[in-house]
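Here the structure is laid out as structure tokens; the discussion comes afterwards.
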Amino acid sequence: MNSTKRIHFEISERKILLKVFDVIFVLAALYLISSIFNFKYFTFSTSNYYWTIVLAIYLNIFASVFEMYNLQVASSKFQIIKSIILTTSTTVLVYLLTPIYTPVLPSNRIQIVIFYLSIFVSLLLWRLFYVAFLASHRFIKNAIIVCDKAQLEELVSGLESVDPHYKFIGFVNSDGEQNSKVNYNSIININADDLEKFFKGKSISEIVVASQKTEGITTNLYNQLIHLLENGVIIKEYTQLYETITQRIPVQYVSRDFYRYFPFSRNNQNQLYLLVSRLIDVLFSLIGLSFGLLFLPFIFIGNMMGNKGKLFYTQERVGKNGIPFKILKYRTMVKNSEENGAVFTSFNDSRITPFGKFLRKTRLDEFPQFVNILKGDMSIIGPRPERPVFVNEIAEVMPFYETRHIIKPGLTGWAQVNYSYGDSIADSLVKLQYDLYYIKHRSIFLDINIFVKTFSTVLFYRGQ
């Protein structure tokens, strides 16, 4: 096959590349500065090697919190500068305040300025290089999609909106109407009989097959796909690719043969994992309640002035295995907010008081739920618990919705850190996709990822 090949990095590989080169550029800059100038605060030697390790750990943690490894942020010149400033400032501050594992504070304060500028400038130069020469060129992946004409726009936008470097350049119609042309996003219409001919000499990374029907997959098209596969061309099924790129389960494209696409994570029954998770739940709940007590006087006064109702309120939610429980929260709405029946909370909902909006944005209204976690009704991480009336409503129109109840609901979750607050059935579908992805891939690593992303949600004021 004479298709022109070009190097392409997958999403996970790009994130690893960013993490590794962030550390390399920062350490290289510090080494250069310490070698050329009279910079003694951070030096390299076998006796203080742990200084380097601690700096690398801090840098990666805070870069994750401030979204430097979010590929959309990393590809934007203006967004990445903001993230670099926040990451550098926090990393330097924490590094200076932990002299047990880091160098002793220098008496000459100019050393701190040099340390800060070394990290900031090295990150800035590397990331601007990434935006200009890598993100916009090297990471482009061209693909061909085989699907029904009616699905083309939805399928293409579903992937390209998440990964801007994934580009569909060709389309093969699989609904049996080969003479029907589409004009969308400059995608070239390819006749099913000419797929192999079109592929030759072009820089195409893979073919994606997304047909829900089979009559459009003619014998000739099938034989061409087999021949391309035998010649080393990558052919992927759409739902698998969608899950990899978006980190969501595409339930809207999954047939009733559900378990082909959705094997549950073994950790859902792993007793050691569940025991460790429970211990972490209890530990963080005690810490959370302790912090909550510090804020309680201010919230009490704010509630009296702004909400003019009881400080706490309870509401029935659906828990593990569909068993209802009473969730505890701070009041954020006016009294009698649902006298006409239960409705979704919408963006800029008039029922939310100004003080209630502050509590929601900062997630302070969630602090009482640590009591639910201590009781075992909830976990720190899991799908957000929903009200029974909405569960019944959504489950009627959305397959697999109640599957999210096989594990405990959580204070935060994969949907909460990846998707803004939703107020419709369509939003619930997107959040369900994230929840099912978490259930499928549940692990300590994913839990840590959610925990770090939760800090970003709070710091960037992305509460409900």
Side-chain angles (χ1 to χ4, degrees), residues 14-132 134-135 287 291 362 417 448-462:
R14 276 177 261 170
K15 291 182 178 180
I16 292 173
L17 176 79
L18 290 172
K19 291 180 179 182
V20 170
F21 276 88
D22 280 351
V23 174
I24 289 176
F25 270 78
V26 166
L27 294 181
L30 290 171
Y31 179 79
L32 187 65
I33 294 296
S34 62
S35 301
I36 298 176
F37 302 103
N38 185 30
F39 178 62
K40 303 300 181 182
Y41 172 66
F42 188 97
T43 56
F44 293 84
S45 70
T46 54
S47 61
N48 59 22
Y49 65 92
Y50 52 88
W51 291 357
T52 303
I53 297 174
V54 172
L55 179 59
I57 292 172
Y58 284 174
L59 183 61
N60 272 280
I61 289 175
F62 294 119
S64 297
V65 169
F66 294 113
E67 302 186 320
M68 285 182 62
Y69 305 126
N70 179 314
L71 296 183
Q72 279 71 38
V73 173
S75 300
S76 169
K77 183 183 298 183
F78 300 104
Q79 291 185 62
I80 197 60
I81 291 174
K82 171 186 172 184
S83 293
I84 289 172
I85 293 172
L86 292 171
T87 298
T88 303
S89 301
T90 308
T91 300
V92 170
L93 178 62
V94 175
Y95 196 81
L96 292 171
L97 295 178
T98 54
I100 297 176
Y101 308 103
T102 60
V104 177
L105 287 173
S107 56
N108 182 4
R109 300 310 185 201
I110 194 66
Q111 299 277 311
I112 297 176
V113 176
I114 296 173
F115 183 60
Y116 180 93
L117 291 177
S118 298
I119 296 176
F120 174 76
V121 172
S122 59
L123 285 176
L124 181 64
L125 293 177
W126 148 237
R127 287 308 191 96
L128 291 179
F129 173 83
Y130 173 89
V131 172
L134 296 180
I287 295 173
F291 275 103
T362 56
V417 299
I448 293 173
N449 195 358
I450 293 170
F451 187 77
V452 171
K453 283 177 175 286
T454 299
F455 279 101
S456 298
T457 302
V458 175
L459 288 172
F460 289 111
Y461 211 53
R462 294 178 184 146

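A quick note: this is a predicted structure, and the numbers were derived from the prediction, not measured.
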Kindly determine whether Y69 and D22 satisfy side-chain contact (heavy atoms from CB on, under 4.5 Å), including the steps that lead there. CA-CA 10 Å; Y69 305 126; D22 280 351; 3.0 Å; yes
side-chain contact (heavy atoms from CB on, under 4.5 Å) between I53 and Y101, intermediate numbers included: CA-CA 10 Å; I53 297 174; Y101 308 103; over 6 Å; no
Any donor-acceptor N or O pair under 3.5 Å, side chains N108, Y41: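 Y41 and N108 do not have a side-chain donor-acceptor pair below 3.5 Å.
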Does either side chain, that of S89 or that of Y116, offer a donor lying less than 3.5 Å from an acceptor on the other one?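 Yes, Y116 and S89 have a side-chain donor paired with an acceptor closer than 3.5 Å.
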Apply side-chain contact (heavy atoms from CB on, under 4.5 Å) to L55 and L27, showing your working. CA-CA 9 Å; L55 179 59; L27 294 181; 4.1 Å; yes
Short question: side chain of N48, backbone of P103 - any donor-acceptor pair under 3.5 Å?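 Looks like no, no N/O pair under 3.5 Å.
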At their closest point, which heavy atom of [X] faces which heavy atom of [Y], and how far apart are they?
{"X": "Q111", "Y": "P106", "answer": "CB-CG, 3.8 Å"}
{"X": "F42", "Y": "F39", "answer": "O-CE2, 3.7 Å"}
{"X": "N38", "Y": "K40", "answer": "OD1-CE, 3.2 Å"}
{"X": "V131", "Y": "A74", "answer": "CG2-O, 3.2 Å"}
{"X": "A29", "Y": "S118", "answer": "CB-O, 3.9 Å"}

For the atom pair [atom1] ([X]) and [atom2] ([Y]), what is the distance rounded to the nearest 0.5 Å?
{"X": "M68", "Y": "N60", "atom1": "CE", "atom2": "CG", "result": "9.5 Å"}
{"X": "L124", "Y": "L117", "atom1": "CG", "atom2": "CG", "result": "11.5 Å"}
{"X": "I80", "Y": "T87", "atom1": "CD1", "atom2": "OG1", "result": "7.5 Å"}
{"X": "Y130", "Y": "S75", "atom1": "OH", "atom2": "OG", "result": "5.0 Å"}
{"X": "I33", "Y": "I119", "atom1": "CD1", "atom2": "CD1", "result": "11.5 Å"}
{"X": "I81", "Y": "S76", "atom1": "CD1", "atom2": "OG", "result": "8.5 Å"}

Are [X] and [Y] side-chain neighbours, meaning at least one heavy-atom pair lies under 4.5 Å?
{"X": "L96", "Y": "T102", "answer": "no"}
{"X": "F25", "Y": "L123", "answer": "no"}
{"X": "R109", "Y": "V113", "answer": "no"}
{"X": "F66", "Y": "I84", "answer": "no"}
{"X": "K82", "Y": "V73", "answer": "no"}

Begin with the C-alpha distance, continue with both residues' side-chain angles, and end with the deciding distance and a verdict on side-chain contact (heavy atoms from CB on, under 4.5 Å) for W51 and Y95. CA-CA 9 Å; W51 291 357; Y95 196 81; 3.4 Å; yes
Describe, in one word, how the ring planes of Y31 and F44 are oriented to each other, choosing from parallel (under 30°), tilted (30 to 60°) and perpendicular (over 60°).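 Aromatic pair Y31/F44 classed perpendicular.
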Verify side chain to side chain donor-acceptor pair (under 3.5 Å) between T98 and Y58, making sure each step is shown before the conclusion. CA-CA 11 Å; T98 54; Y58 284 174; 3.2 Å; yes
